[in-house]
Number of protein chains: 2
Amino acid sequence: MFSQIDQVRRFNRVVSQRAGTLDQSYLGQGRPLGEARLLFEIGHDGGNARELRDRLGLDSGYLSRLLRALESQGMIVVTPSETDRRVRDIQLTDAGRAQVETYDRLSDDLASSILAPLDERQKAKLVEAMAQVERLYRAAAVTVSAESPATVDARACVDQYIRELNQRFDTGYDPDTAGPLDDSEFLPPDGVFVVARLDGKAIGCGGLKRLDAETGEIKRLWVSPDTRGLGLGRRLLVELEALAQQRGMARVCLDTNGTLVEAQALYHAQGYVEVAPYNDNPYAQHWFEKRL
Amino acid sequence: MFSQIDQVRRFNRVVSQRAGTLDQSYLGQGRPLGEARLLFEIGHDGGNARELRDRLGLDSGYLSRLLRALESQGMIVVTPSETDRRVRDIQLTDAGRAQVETYDRLSDDLASSILAPLDERQKAKLVEAMAQVERLYRAAAVTVSAESPATVDARACVDQYIRELNQRFDTGYDPDTAGPLDDSEFLPPDGVFVVARLDGKAIGCGGLKRLDAETGEIKRLWVSPDTRGLGLGRRLLVELEALAQQRGMARVCLDTNGTLVEAQALYHAQGYVEVAPYNDNPYAQHWFEKRL
DNA sequence: AATTTTATCTGACTAAAGTCAGAGAATGTT
DNA sequence: AACATTCTCTGACTTTAGTCAGATAAAATT
């Protein structure tokens, strides 16, 4: 444990030293770093002034001045948005696009300069390790928080969950057949609903409802397809088990369809054991429980 | 190739975002970032003003003012050095040490916060990948440059090389027996000597001398023990082969002792083939050559 | 002993980065 | 229609970071 933290610190030190040289190379392009970063950001993820302010965490007065500077350099065109004329839409000019390309080339050059001194085997190893670090950083950046199943994000997750079941089940999936879609069962004090987010975007969910005094049921456990493999399903499951324990439940159970093989593997790995049917969900073919 | 650079860029972006939060957390300690970084550096690798100036690349006037600020805050004590009263020795006070510990705790907290959301397997994987990245970053940061075999660094490398041979050979090693230690054979235009450096420190070397019109001999190939495994031996060898080719040599040869098994493995891997003895070096038991 | 070099310090700057308090216009809410 | 909120802009600031040209003293070199 101790040496793990040490390794992370050594890593941070070595890596941020290199990353700093990128910032440095953005200078000497006749533009202060703040402007360069803003321009780079506009060039890549675009957006209007408000979004940029949020993303980069800038003071509105400061941003305004930076935009004015880029505008007077002919890098961008700022116009009031069609839909809300308080907000400013920002467009790159041709010159702006050219400048962003220059910055891209600098980023590429930095990347190349890291790889260049290495032989092919080392390059491949480094890139693989980087991909691993990036993947796990993303996994670590996921937050899981309890909230009402009625929030926009929670509903969006459940919608995607239902759509996916409908695709995967041989019989299709009609949520009404499985039992009434009743949000209130996931509300405190008896139930709870959790949503996982990455960079503010909802990417997974799970619900816990009470079946009886000592039993909770886990439902709607879902992880968005593009974030699978990050161990998020396990994290949501563990979170929900902890919440069940907090509510005095001695065991949790859940049902699942035969086509969801990854889910069943997860349940087994987390110590769930198959039990006799405890409900008559027509889509369920396996029933599990775990003592807490 | 394309996607490798892409991966490096994605990595840089994700990682430097996180590393940036460390700098941020150093603020809010009632001290500007420049001062905080200097204090952190003093606390860890210490040194006098000149060393710090070199390491952090600061202007001498700027550093002087930073030191004065830290001094007036009671974090450090600055005194003229005993050995050279122009240079300033810097000592942390108790308060300074306490502050450095606070910064350490912040670094630890950041490291923990990255690991915390992951399960044990993921933690282990991340730390391993980080170690890999760090190792290869170090390998990539090594520079190899041609210089006179008479420079301080070149001599230091050759000294260590000789000392190591003396330890490893059953018979010991006396450089005079192997032939006169003549630096001039490694001097242009016929010869060349290269030194490898990491963070300014010499960590390896190699020499090329001309045997005849079309033959070069590689000698004094050495890598410091603590940087072995970074592929540095191969890099020096490749570098010397390229320099031989530039000098119109059609082949290079070298001799080696039986105890240096890693070296022989390297020569084989790089396409060298064993040949009959081409000299009467008493320490040599194997002779290799490679056509360029 | 005279000269040069090295390490630090001081004064006088500049540019960049960021903060804060309003003001004005558009949009939402009651 | 009145009021509150949101988004942006402007003016007036401050702090931080960094540069540059000497000045001074100690050490190294000639």
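Order of the sequence lines sets the chain letters (A, B, ...), proteins ahead of strands, with each chain counted from 1. Note that these values count all heavy atoms, side chains included, but never hydrogens, waters or copies made by symmetry.
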Participant: Is a side-chain donor or acceptor of Thr151(B) paired with a backbone partner of Ala154(B) at a separation under 3.5 angstrom?
Facilitator: yes
Participant: Rounding to a whole Å, what distance do you find between Tyr62(A):OH and dT15(D):C1'?
Facilitator: 13 Å
Participant: The side chain of Arg50(B) is closest to which nucleotide in this list: dT8(C), dA17(C), dC9(C)?
Facilitator: dT8(C)
Participant: Evaluate the side chain to side chain donor-acceptor pair (under 3.5 Å) criterion for residues Arg68(A) and Ser64(A): first the C-alpha distance (whole Å), next the side-chain angles of each, then the deciding distance (0.1 Å), finally the verdict.
Facilitator: CA-CA 6 Å; Arg68(A) 209 78 331 101; Ser64(A) 177; 3.2 Å; yes
Participant: If you pin Ala49(B) and Leu33(A) to their nearest nucleotides in DNA chain C, which one's is more 5'?
Facilitator: Ala49(B)
Participant: Kindly compute the distance separating CG (Leu106(A)) from CD (Glu101(A)), expressed to the nearest 0.5 Å.
Facilitator: 12.0 Å
Participant: Just the rounded figure in Å: distance from C1' of dT16(D) to CZ of Arg68(B).
Facilitator: 18 Å
Participant: Asp23(B) CG to dA17(C) P: how many Å, rounded?
Facilitator: 15 Å
Participant: In whole Å, what is the span from the CZ atom of Arg53(A) to the C1' atom of dC9(D)?
Facilitator: 12 Å
Participant: Any sub-3.5 Å donor-acceptor pair from Arg235(A)'s side-chain atoms to Val142(A)'s backbone N or O?
Facilitator: yes
Participant: Indicate, with a heavy-atom threshold strictly under 4.0 Å, whether Gly61(B) touches base, sugar-phosphate, or nothing.
Facilitator: base
Participant: May I ask you to decide if Asp6(A)'s main-chain N or O and Ser3(A)'s side chain share a donor-acceptor pair within less than 3.5 Å?
Facilitator: no
Participant: With distance as the sole test, does Arg88(B) use its side chain to make a donor-acceptor pair with the main-chain N or O of Arg86(B) at under 3.5 Å?
Facilitator: yes
Participant: Judged by atom type as modelled, is there a donor-acceptor pair below 3.5 Å linking the side chain of Ser81(B) to the main-chain atoms of Asp89(B)?
Facilitator: no
Participant: Using atom CZ of Arg88(B) as one end and atom C1' of dC9(C) as the other, report the distance to the nearest whole Å.
Facilitator: 8 Å
Participant: Grab the CG-C1' distance between Leu63(B) and dT10(C) for me, whole Å please.
Facilitator: 14 Å
Participant: Take the protein atom CG of Leu38(A) and the nucleotide atom P of dG18(C), then report the distance between them rounded to whole Å.
Facilitator: 12 Å
Participant: Which listed nucleotide (dT10(C), dT8(C), dC9(D)) is nearest to the side chain of Ser64(A)?
Facilitator: dC9(D)
Participant: Taking protein heavy atoms under 4.0 Å as touching, what does nucleotides 22-30 of chain D look like 5' to 3' if B marks base contact, S marks sugar-phosphate-only contact and - marks none?
Facilitator: ----BS---
Participant: Measure the distance from CG on Leu66(A) to P on dC9(D) and round it to the nearest whole Å.
Facilitator: 11 Å
